[in-house]
There are 2 protein chains.
Amino acid sequence: MLAAAAKIFVERGYAGTTMRAIADDVGLKAGSLYYHFPSKELLIEAVLDMLIHGVSNAVYSAIAALPPGATYFDRIKAAVQAHLDSITAYGEYALASRRVLSQVPPHIRRKHVRLRDAYGDFWCQLLQNGQDAGEIRGEFDVRLARTFILGALNSIVEWYNPEGKSLDEVGSQFIRLISDGLCLQTQGSSQRP
Amino acid sequence: MLAAAAKIFVERGYAGTTMRAIADDVGLKAGSLYYHFPSKELLIEAVLDMLIHGVSNAVYSAIAALPPGATYFDRIKAAVQAHLDSITAYGEYALASRRVLSQVPPHIRRKHVRLRDAYGDFWCQLLQNGQDAGEIRGEFDVRLARTFILGALNSIVEWYNPEGKSLDEVGSQFIRLISDGLCLQTQGSSQRP
DNA sequence: GTCTATAGCACGATAGAC
DNA sequence: GTCTATCGTGCTATAGAC
């Protein structure tokens, strides 16, 4: 039922989603939904909660499962893959968060922006630790690097098709891109040591 | 008027945007809007058109303005900066495209997906040329690299604040990230020559 | 070019039968 | 736990005065 709601919120937006459409999708009548959820607001809130908790728990667990001697870059690799795996597993929920967060009532939006920011701060800290340990070049602003990394990773829900490349392949190409870069020889950056 | 429409489409979604709200924002009454635009559908279409044409023209012009001897990586750098500059210049239009495209009537959505795909193909070709010329490592799938790059660049409209870093600084950090990578020494990639 | 007024329809939510 | 029926509201779009 949450999954049906997420799908329809994505297709029609918050205001465009009707309780009748969600009810149809799960084989009920509109009035019956109110037995399970007291309002449309609490429905979208449940969808948004499911995503942020699902993704952040998946990432925190993946890092906690690493051996004690793991480098910061090992942690970043594990976080990238876990983020990728969970965000695609929660497909429609992730799209709902991406597209309708700006349309939900303000008190719900504020709560989720806070949760999302806390997750973003975790990434900043991870990159900062890597930089302090000398694994990441000092010239990078970690907040900027974090937004690029999460921006690229999150965009996968827009196009990923399970019939194509595996998530492991996608993740490992991305890790190679952010660690070593695209270029064989540096063309224009004079900052390289 | 288009700018007001873009802003409200982002805040409320397609269905949630009322002609009254747009009219209010520009100091008119709802009925008067129909003198300028025949329907809500054509309003969102004009907003979406403005963005895709604005961004792609900015990028194509930036590349056309390069000297004849420019490397492919010079072209990529110019495209990154022009994309970044134009997407932030069209702020609300870009957000509208990101968030409400999935909610507009199908015939309008299909047309814009086609335009967006054509622009994506241009990026693929750019990266492919760079790879053929030996400037980009052969191990990368150019389609994947393109989606990561555009995903990261497009996410800037979600957080960019003109009071912080300049767009030139943001662009140059991003270019350094995709060209050289984050890492001082490669930690886990055995594919490096 | 902008207004008022309204037709025709669909919405969220509730009440009460079963 | 699901149904039908309905209240009050607000929407797009149009018609015609100014």
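Note that these values count all heavy atoms, side chains included, but never hydrogens, waters or copies made by symmetry. Below, chain A is the first sequence line, B the second, and so on; all start at residue 1.
- Note on B/Arg20: every side-chain N or O is 4.0 Å or more away from OP1 and OP2 of D/dG10.
- Among B/Arg99, B/Arg98, B/Glu158, B/Glu11, the single residue meeting the side-chain hydrogen bond (donor to acceptor under 3.5 Å, both in side chains) criterion with A/Ser102 is B/Arg99.
- Of the listed nucleotides (C/dC11, D/dC3, D/dC11), C/dC11 has the atom at the smallest distance from the side chain of A/Thr18.
- In the model, A/Ser97 has a side-chain atom that pairs as donor or acceptor with a side-chain atom of A/Arg116 under 3.5 Å.
- Aromatic ring centroids of B/His53 and B/Tyr60 lie 6.0 Å or more apart.
- At whole-Å resolution of the value, CD1 in A/Ile22 and P in C/dC11 are 12 Å apart.
- Mapped onto DNA chain D by nearest heavy atom, B/Glu41 and A/Ala30 fall at different nucleotides, with A/Ala30 at the one closer to the 5' end.
- At D/dC3, one or more side-chain N or O atoms of A/Ser32 fall inside 4.0 Å of OP1 or OP2 (strictly under the cut-off).
- One can place OH of A/Tyr34 at 18 Å from P of D/dT6, the figure rounded to the nearest angstrom.
- Once rounded to the nearest 0.5 Å, the distance linking CZ of B/Arg110 with CG of B/Leu115 reads 13.5 Å.
- B/Glu45 pairs with exactly one of B/Lys40, B/Lys111, B/His107 by the side-chain hydrogen bond (donor to acceptor under 3.5 Å, both in side chains) rule, that one being B/Lys111.
- Note: CE (B/Met19) to C1' (C/dT4) measures 17 Å, nearest angstrom.
- Computed from coordinates, the A/Leu33 CG to D/dT4 C1' distance equals 15 Å when rounded to whole Å.
- Regarding B/Lys29, its NZ atom lies at a distance of 18 Å from the C1' atom of D/dG16, rounded to whole Å.
- B/Ile8 places its CD1 atom 12 Å from the P atom of D/dC11, with the value rounded to the nearest Å.
- Comparing D/dT4, D/dA13, D/dT2 against the side chain of A/Leu28 picks out D/dT2 as the nearest.
- Phosphate proximity of D/dT12 to B/Lys40: present, with a side-chain N or O under 4.0 Å from OP1 or OP2.
- Between B/Tyr35 and the phosphate of C/dT2, there is no side-chain N or O to OP1/OP2 separation shorter than 4.0 Å.
- Residue B/His36 has its side chain nearest to C/dT2 when only C/dG12, C/dT2, D/dA13 are considered.
- Rounded to whole Å, the distance from CZ on B/Phe37 to P on D/dT12 is 15 Å.
- D/dC11 atom C1' lies 15 Å from atom CG of B/Leu43, rounded to whole Å.
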